[in-house]
Amino acid sequence: MQDGTFSTPGHSDETAMRGDVFAADCPTRQLLDRIADKWSALILIVLGQGPIRFNALKQRVDGVSQKMLSQTLKSLERDGLVSRSVVATVPVTVTYAVTPLGRGLMASMQAMIDWAETRMPEVAAAQADYDRRSRETH
């Protein structure tokens with residue numbers, strides 16, 4: 001097995017398209033960097049509920065700027081996770097949707113979402129404990 005790769009149950013040790021995930025130029029790392037950023041994850045969650053127009057998506061993803069939403073959608077479309085449909089109306093109607101590839105990713109993301117939702121009380125308690133200890137030492 002190549003250094004920096006991990007063997008997981010059900011997967012061979014072949015690394016044909018894999019590289020060292022710790023190297024900045026590793027394709028796997030680049031994709032993980034993209035899908036792990038907060039905007040991509042939130043956008044995919046909203047799109048998982050069904051196709052939606054740009055402005056409606058912007059309203060649903062609280063805090064995202066128009067520029068960041070546009071850039072993130074382009075990146076997700078380039079990666080094959082999101083599709084963009086344009087209908088020649090006045091004004092032009094642009095709708096975004098999750099692709100089958102994106103749905104596969106969302107299935108994996110759901111485990112993380114479930115973990116976060118069920119473990120948030122423990123995380124909040126750990127944060128409060130850390131903050132208390134930090135105040136006591138300073």
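Sequence positions, counted from 1, serve as the residue numbers for this chain. Here the structure is a predicted model, which means the values were calculated and not measured. What you see below is based on every heavy atom in this structure, not just the backbone, and it leaves out hydrogens, waters and symmetry mates.
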Undergrad: Which distance, rounded to the nearest 0.5 Å, do you find between the CE of Met106 and the CD1 of Ile113?
TA: 7.0 Å
Undergrad: Taking side chain as C-beta onward, heavy atoms only, is Tyr96 less than 4.5 Å from Leu76?
TA: no
Undergrad: Measure the shortest side-chain to side-chain distance between Val82 and Leu44 over non-hydrogen atoms and say whether it is less than 4.5 angstrom.
TA: yes
Undergrad: Do Ser70 and Lys74 make a side-chain contact, defined as non-hydrogen atoms from C-beta onward lying under 4.5 Å apart?
TA: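 Yes. Closest side-chain heavy atoms under 4.5 Å.
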Undergrad: Tell me the closest heavy-atom pair linking Arg34 and Ser40, and the distance in Å.
TA: O-OG, 3.0 Å
Undergrad: For the CZ atom of Phe54 and the CZ atom of Arg84, what is their distance to the nearest 0.5 Å?
TA: 10.0 Å
Undergrad: Would you tell me whether Asp114 and Gln110 have side-chain atoms, one donor and one acceptor, within less than 3.5 Å of each other?
TA: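 The criterion, which ignores hydrogens and geometry beyond distance, is satisfied for Gln110 and Asp114.
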Undergrad: Of all the heavy-atom pairs spanning Gln30 and Asp25, show the shortest one and how long it is.
TA: NE2-CA, 3.5 Å
Undergrad: Looking at every heavy atom in both Leu47 and Ala97, which two are closest together, and how far apart are they?
TA: CD2-N, 4.3 Å
Undergrad: Around atom CZ of Arg78, are there more than 12 heavy atoms of other residues, nucleotides or ligands at under 6.0 Å?
TA: no
Undergrad: Side chain of Ser134, backbone of Tyr130: donor and acceptor closer than 3.5 Å?
TA: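 At least one qualifying donor-acceptor pair exists.
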Undergrad: Would a single hydrophobic cluster contain both Trp115 and Met120, if residues Ile, Leu, Val, Met, Phe, Trp and Tyr are joined by side-chain heavy-atom contacts under 4.5 Å?
TA: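 Yes; Trp115 is reachable from Met120 via cluster members.
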Undergrad: Can you tell me how far CG of Leu69 sits from CD of Gln71, rounded to the nearest 0.5 angstrom?
TA: 10.0 Å
Undergrad: I need the Ser75 OG to Leu31 CG distance, nearest 0.5 Å.
TA: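 The OG atom of Ser75 sits 11.0 Å away from the CG atom of Leu31.
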Undergrad: I'd like to know if Arg29 pairs up with Asp33 as an ion pair, taking the criterion as any Lys NZ or Arg NE/NH1/NH2 lying under 4.0 Å from an Asp or Glu carboxylate oxygen.
TA: yes
Undergrad: Above 12 or not: heavy atoms from other molecules or residues under 6.0 Å from CD of Gln66?
TA: no
Undergrad: List the atom of Met109, the atom of Ile45, and the distance in Å for their closest heavy-atom pair.
TA: CE-CG1, 4.4 Å
Undergrad: Once rounded to the nearest 0.5 Å, what's the spacing between atom CD1 of Ile35 and atom CG of Leu81?
TA: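 Interatomic distance, Ile35 CD1 to Leu81 CG, rounded to 0.5 Å: 7.0 Å.
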Undergrad: Minimum heavy-atom separation for Ile52 and Ala56, please, with both atom names.
TA: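 Heavy atoms of Ile52 and Ala56 come nearest at CG1-CB, 3.5 Å.
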Undergrad: Report yes if some heavy atom in the side chain of Val87 is under 4.5 Å from a heavy atom in the side chain of Thr95; otherwise report no.
TA: no
Undergrad: Do the side chains of Leu42 and Val64 get nearer than 4.5 Å, heavy atoms only?
TA: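 No - every pair of side-chain heavy atoms lies 4.5 Å or more apart.
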